[in-house]
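Throughout, residue positions are numbered sequentially from 1 according to the sequence presented. Heavy-atom basis, side chains included; hydrogens, waters and symmetry copies ignored.
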Amino acid sequence: MKSRLFTTIALACGMTSFAADFTLKVNLSDSIRQVTHCASGALYGVTEQYPVDINAMIGPLKCRMFCQPGAGGYGNQHPYGDAMKVAERLKGTDAKVQITLPDILPNWPYKWPGLDSWLKQVEECVNRKKASGLTNFHSYVIWNEPYGTWNDSNGDFHSTVWKPTYELLRRLDPDMPIVGPAIAYYTEERMRKFFKFCKENNCLPDIVCWHQWGSGGLPGAVENVRKLEKEFGLPDYPICVNEYCAGSNAELQKYEGCPGYSVPFIAKFERYKIESATISWWFTQYPGRLGSILTANNEKGGGWHLYKWYGDMEGYMASVTPPNDKSEGLDGFAAVNKKMREASIVLGGNNTGSVDVTIDGIPEWMGSEVEVTTEVVTWENKDKAVAGPQTLATDIYTVNNGKIVVPVNVTSKLYAYRLYITPGEVVPRSPFLDKALSIPGTIEAEYFDNGSAGVAYYDKDKQNRGEGYRLETGVDVYTIKDKPNEYAVGYAQNEEWLDYTVNVEKEAFYDITATLSSGGEQSGIQLQLDGENITEMLQTAPNDNDWESYLETKTRTLTKLPQGEHTLRMSVVGDWINIDKFVFVEYDPTVVDLIDANEPQTFEIYDSTGRKYGEITSSQVDISKKLKEKGFASGTYILKSSRGVIKAIVD
């Protein structure tokens, strides 16, 4: 149930909505940068085996980058997660692969084989990368945590490892970015030493990198590296944080991937324009779990749903000001998507209590009222599966001078909260293209009626994941491959529906041919006319994860469709199905097709009004007798099989 909240008086007086413990300030008109999903990815987050379903587990997150071993096998640092094999698995996603070169070596700390052997192994890795033909690589990391994993008895790290490896990479693969120094944690002393050597020896990285334990230290680290760059006359380098977590001790490692602890990281990564960042990997017995946002059993944890919210963000990231930027406490990140007419704000952190989310700069295109849905994603531990976010409230707010205040009660430092904001105006239902669709005829799935969600359609995911059509709605409409002007409704889930205003030209039975791409044996659609079922579930064979493969399935209406204008509803049954179109052709049920009368067939049984009674397997010769034996009353029945329709009389 929606409530209307009027904040005009409170705002005019400069008051917040209640005496909150914290205030989080958001300015939706102040753009930080375009959405990059920079914080989405993980160290060794993908292996040759896990996650099993890349499209389902990684695709929706729109991950930026995964940090993977340069070689994954026995004799290397890890026997899995090989960068080239993982890049092959990820090639259909947004993610790129960062190649960690020292993981070619065995042992921890790394066992140094001598410079000649090292450079030979690096060259082999580069050649494997180039031979793969893949283009979804991010960068090379020359060494990992050098001031802890490098033994000074082997020589000076910078001159023994960094410079020769840098020069080899520049010769073999000059367009691939080089990342360094990848120190275990940020210190000015180490970064200064690194910059000084690299500038003096002409071997500066393309991306500066370190690991971050606790989000509160990130602002100071960024400020310091910018100071050093200025001191050495260097540009502001892109920054990669290729391991991040609440902390490096056991007490804090357990919060890896936790929603509440992750929100301040994402918020600060966006605020300070970090180029890429990956969640850590403390639980080494579980690689391929996306930084513990999947459980040990490869189920979605609470963290996965937080990063799904992040992945849903499109458009530009908006300014968010927390109570204390240099802390692990309450923080948030926000995005505005004008194309989709939506904004979202995610908050959380190491605080509990009441929060006033003060939202300024609400775009004029959102109107004088906005609908705000407040959601929460919970978390108990990294191995506890979470079904999904829970909706706490849906309210209509009156916008005053571009501003509203939304109260949120943060009940746990482990949870994350989202405010999803859309225009509050309810658009009534009307025919798409301003004209009822004709029956008989072809009804394109994407030609559903105009109107607001819940009025013309219902989609569980309020955002349109489509590719340029019906973007004013939350329905996912996709371009059909190799057919740039043809579309299908996709990513459809159980209980979603679309309404169509139709004009039935003649009262009659109709043949219906639906063109579908189904993700499972339990997925299909069902059609209703003015609330009454006119078909059973329409299904096709599963598409084996080939969403460009469409099949046809046919049925006939259960009843005669009445002449005139009506509402046709297409309801989704089961999860994950794409719908291209359905074609109605008038059918005369009194026509009897000739078939082999002695061949057994399975028939659907209908009476003369179209009411279905079930199924029966029989030959045509014995059908009347079989019906009588099963207790059917005297009368005429219509029997449908895959080969046609017959009439049977029970006397």
* Might you confirm whether atom CD of Glu472 has over 12 heavy atoms from other residues, nucleotides or ligands at distances under 6.0 Å? => yes
* State plainly whether the residues Asp449 and Arg429 are in salt-bridge range, i.e. N to O under 4.0 Å. => yes
* Heavy-atom pair with the smallest gap, counting every atom of Ile239 and Ile207 -> C-CG2, 4.1 Å
* Asked: Does Leu498 reach the side chain of Ile579, with side-chain heavy atoms less than 4.5 Å apart?
  -> no
* Asked: Any luck finding a side-chain donor-acceptor pair between Ser139 and Gln98 under 3.5 Å?
  -> yes
* Checking ring pair (Phe, Tyr, Trp, His ring centres under 6.0 Å) against Trp282, which of Trp213, Tyr44, Tyr255 comes through? -> Trp213
* What are the two closest heavy atoms between Ala334 and Val26, and how far apart are they? -> CB-CG1, 4.1 Å
* Structure fact -> When rounded to the nearest 0.5 Å, the distance separating CG of Leu24 from OH of Tyr417 is 13.5 Å
* Which heavy atom in Ile32 sits nearest to a heavy atom in Ala318, and how many Å separate them? -> CD1-O, 3.4 Å
* Side chain of Asp575, backbone of Gln493: donor and acceptor closer than 3.5 Å? -> no
* **Heavy-atom donor-acceptor pair, His37 side chain to Ala95 backbone, under 3.5 Å** => no
* Note, Leu471 side chain near Met340 side chain (heavy atom, < 4.5 Å) -> yes
* How many angstroms lie between atom CZ of Arg341 and atom OG1 of Thr473, to the nearest 0.5 angstrom? -> 11.5 Å
* **Test item: Trp304 and Leu294 side chains (from C-beta on) under 4.5 Å apart, heavy atoms** => yes
* **Derivation and outcome, side-chain contact (heavy atoms from CB on, under 4.5 Å), residues Leu347 and Val408** => CA-CA 9 Å; Leu347 60 144; Val408 178; 4.3 Å; yes
* Cationic N near anionic O, under 4.0 Å, Glu223 to Lys326 -> yes
* Please walk me through it: do Trp576 and Tyr491 pass ring pair (Phe, Tyr, Trp, His ring centres under 6.0 Å)? -> CA-CA 5 Å; Trp576 317 132; Tyr491 212 64; 4.9 Å; yes
* Does any donor atom in the side chain of Thr295 or Asp383 lie under 3.5 Å from an acceptor atom in the other side chain? -> no
* To do: Determine, stepwise, if the pair Val46 / Ile54 fulfils side-chain contact (heavy atoms from CB on, under 4.5 Å).
  => CA-CA 9 Å; Val46 183; Ile54 292 289; 4.3 Å; yes
* **Donor-acceptor pair, side chain of Asn249 and main chain of Glu251, under 3.5 angstrom** => yes
* **Donor-acceptor contact present, side-chain Lys460 to main-chain Asn494, <3.5 Å** => yes
* To do: Check the surroundings of atom OH in Tyr185: do more than 12 heavy atoms from other residues, nucleotides or ligands lie under 6.0 Å from it?
  => no
* Asked: Between Glu446 and Val475, is any pair of side-chain heavy atoms under 4.5 Å apart?
  -> no
* Asked: Where is the tightest heavy-atom contact between Val141 and Ala182, given as atom of each residue plus distance?
  -> CG1-CB, 4.0 Å
* Is the shortest heavy-atom distance from the side chain of Val208 to the side chain of Pro238 under 4.5 Å? -> no
* **Pairwise distance CZ(Arg64) to CD(Glu275) - rounded to 0.5 angstrom** => 4.5 Å
* Asked: Do we get Arg89 above Tyr50's six-membered ring, with its NZ or CZ under 6.0 Å from the centre and within 45° of the axis?
  -> no
* Under 3.5 Å: donor-acceptor pair, side chain of Ser327, backbone of Gly216 -> no
* Asked: Do Asp395 and Glu371 have side-chain heavy atoms sitting under 4.5 Å apart?
  -> no
* Asked: So does Lys338 have more than 12 non-hydrogen atoms from other groups sitting under 6.0 Å from NZ?
  -> no
* Listed by chain and number, what are the side chain to side chain donor-acceptor pair (under 3.5 Å) partners of Arg271, not counting sequence neighbours? -> Asp325, Asp331
* To do: May I ask you to decide if Ser354's main-chain N or O and Asp21's side chain share a donor-acceptor pair within less than 3.5 Å?
  => yes
* With the side chain counted from C-beta on, respond yes when Cys245 and Leu252 share a heavy-atom pair under 4.5 Å apart, and no when they do not. => no
* Asked: Mind checking whether Tyr469 and Phe432 have parallel, tilted or perpendicular rings, split at 30° and 60°?
  -> perpendicular
* Asked: Does Gln253 reach the main-chain N or O of Ser248 with its side chain, forming a donor-acceptor pair under 3.5 Å?
  -> yes
* Asked: Between Cys38 and Arg33, is any pair of side-chain heavy atoms under 4.5 Å apart?
  -> yes
* Structure fact -> In short, ring pair (Phe, Tyr, Trp, His ring centres under 6.0 Å) pairs touching residues 328-366 with sequence neighbours left out are Tyr310-Phe333
* **Minimum-distance pair of heavy atoms, taken over all atoms of Glu425 and Ser452** => O-OG, 3.7 Å
* Return yes when atom CG of Asn401 has more than 12 non-hydrogen atoms of other residues, nucleotides or ligands closer than 6.0 Å, and no otherwise. => no
* To do: Answer yes or no for Arg470 and Tyr457: cation-pi contact, defined as NZ/CZ to six-membered ring centre under 6.0 Å and angle to ring axis within 45°.
  => no
* Which distance, rounded to the nearest 0.5 Å, do you find between the NZ of Lys254 and the CG of Asn381? -> 10.0 Å
* Asked: Without hydrogens or angle criteria, can the side chains of Glu328 and Ser215 be said to hold a donor-acceptor pair below 3.5 Å?
  -> yes
* **Gln390-His305 side chain donor-acceptor pair, cut-off 3.5 Å** => no
* Asked: Between Ala296 and Arg289, what is the shortest heavy-atom contact and its length?
  -> O-NH2, 2.8 Å
* Would you give the length of the straight line joining atom CG of Leu43 to atom CZ of Phe66, rounded to the nearest 0.5 angstrom? => 11.0 Å
* Which one of Trp281, Tyr261, Phe265, Trp210 satisfies the ring pair (Phe, Tyr, Trp, His ring centres under 6.0 Å) criterion with Tyr244? -> Phe265
* Residue that, paired with Val355, satisfies side-chain contact (heavy atoms from CB on, under 4.5 Å) out of Val357, Asn351, Thr352 -> Val357
* Rounded to the nearest 0.5 Å, what's the gap from NZ on Lys96 to CG on Asp94? Could you check? => 10.5 Å
* Please confirm whether the backbone N or O of Ala87 pairs with a side-chain atom of Asn136, one donor and one acceptor, at under 3.5 Å? => yes
* Residues Asn144, His211; criterion side-chain contact (heavy atoms from CB on, under 4.5 Å); working and verdict -> CA-CA 10 Å; Asn144 177 44; His211 302 165; 3.2 Å; yes
* Asked: If we ignore angles and hydrogens, is there a donor and acceptor under 3.5 Å between the side chains of Tyr186 and Asn224?
  -> yes
* Given Ile421 and Val406, is the side-chain contact (heavy atoms from CB on, under 4.5 Å) satisfied, shown in steps? -> CA-CA 11 Å; Ile421 307 170; Val406 180; over 6 Å; no
